Undergrad: 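Starting off with a structure, shown below.
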Amino acid sequence: MVMKKLGQVRKFAIAYANHFAAGKPKCSQGQIDARLAVCEACEHLVRGHCKLCGCNCKGNGKFVNKLAWRDQTCPDGRWGTVEADPNDA
């Protein structure tokens with residue numbers, strides 16, 4: 001269990017470093033909602049947390065994880081990067 005958590009922390013740290021290097025592009029709320037809908041239908045989501053990447057996906061509207069980062073992808077390939085929403089400028 002501890003090794004699995006450490007693996008998730010490692011993956012998150014790498015994702016954050018890549019996100020930071022990309023300029024920290026953020027998703028619009030609509031893009032976050034679309035990603036969250038995919039996560040909520042996924043078997044890897046258990047008690048509001050992704051068992052693959054460790055992201056908190058409880059749907060509180062404010063995400064400090066891959067759901068809100070435009071440049072990130074689902075580790076299972078269920079959603080990819082997104083373009084900036086021109087309506088959210």
Side-chain angles (χ1 to χ4, degrees):
M1 175 78 166
V2 171
M3 293 306 290
K4 188 171 185 176
K5 284 287 183 195
L6 287 175
Q8 290 174 340
V9 168
R10 180 181 171 275
K11 288 178 189 176
F12 183 82
I14 291 169
Y16 183 77
N18 290 333
H19 176 64
F20 188 82
K24 301 193 294 185
K26 296 177 185 172
C27 290
S28 69
Q29 188 60 50
Q31 293 164 332
I32 293 169
D33 292 344
R35 285 179 166 190
L36 180 60
V38 172
C39 293
E40 287 174 337
C42 179
E43 70 274 11
H44 299 295
L45 188 69
V46 178
R47 291 187 303 272
H49 288 86
C50 176
K51 292 299 178 185
L52 297 180
C53 69
C55 284
N56 173 2
C57 301
K58 291 185 180 171
N60 63 3
K62 183 175 181 183
F63 294 97
V64 185
N65 60 34
K66 292 171 67 172
L67 282 175
W69 301 344
R70 279 195 339 236
D71 59 312
Q72 298 297 307
T73 61
C74 167
D76 202 36
R78 294 172 189 248
W79 46 260
T81 60
V82 293
E83 296 298 318
D85 186 342
N87 298 319
D88 235 25

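Predicted model only: the values in this text are computed from it and were never measured. Quick note: numbers below take in every heavy atom, side chains included, and nothing from hydrogens, waters or symmetry partners.
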Undergrad: Closest approach of Thr73 and Gly80, non-hydrogen atoms and distance?
TA: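 That closest heavy-atom pairing would be CG2-CA, 3.7 Å.
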Undergrad: Tell me, do Thr81 and Gln72 make a side-chain contact under 4.5 Å, heavy atoms counted?
TA: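 Not in contact.
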Undergrad: Is the closest side-chain heavy-atom distance between Ile14 and Arg10 below 4.5 Å?
TA: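 With C-beta onward as the side chain, the pair touches.
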Undergrad: Let me confirm one number: the CZ-CZ distance from Arg35 to Arg70, rounded to the nearest 0.5 Å.
TA: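 Arg35 atom CZ to Arg70 atom CZ measures 9.5 Å (nearest 0.5 Å).
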Undergrad: Write down the atom of Cys50, the atom of Leu45, and the distance for their closest heavy-atom approach.
TA: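 In terms of heavy atoms, the two residues are closest at N-CD1, 3.8 Å.
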Undergrad: I need the Asn18 CG to Lys24 NZ distance, nearest 0.5 Å.
TA: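 That separation rounds to 14.5 Å.
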Undergrad: Indicate yes or no: does Glu43 engage Arg78 in a salt bridge with an N to O separation below 4.0 Å.
TA: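 Arg78 and Glu43: salt-bridged.
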Undergrad: Are the side chains of Cys55 and Leu67 in contact, using a 4.5 Å heavy-atom criterion?
TA: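 With C-beta onward as the side chain, the pair stays apart.
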Undergrad: Are the side chains of Trp79 and Gln31 in contact, using a 4.5 Å heavy-atom criterion?
TA: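 Gln31 does not reach Trp79 side chain to side chain.
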Undergrad: Parallel, tilted or perpendicular: which describes the rings of Trp69 and Phe12, with under 30° parallel and over 60° perpendicular?
TA: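 Tilted.
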Undergrad: Under a 3.5 Å distance rule, please check whether Asn65 uses its side chain to pair with a backbone N or O of Asn56 as donor and acceptor.
TA: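 Answer holds: yes.
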Undergrad: Between Tyr16 and Lys11, is any pair of side-chain heavy atoms under 4.5 Å apart?
TA: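 Side chain of Tyr16 against side chain of Lys11, heavy atoms only: no contact under 4.5 Å found.
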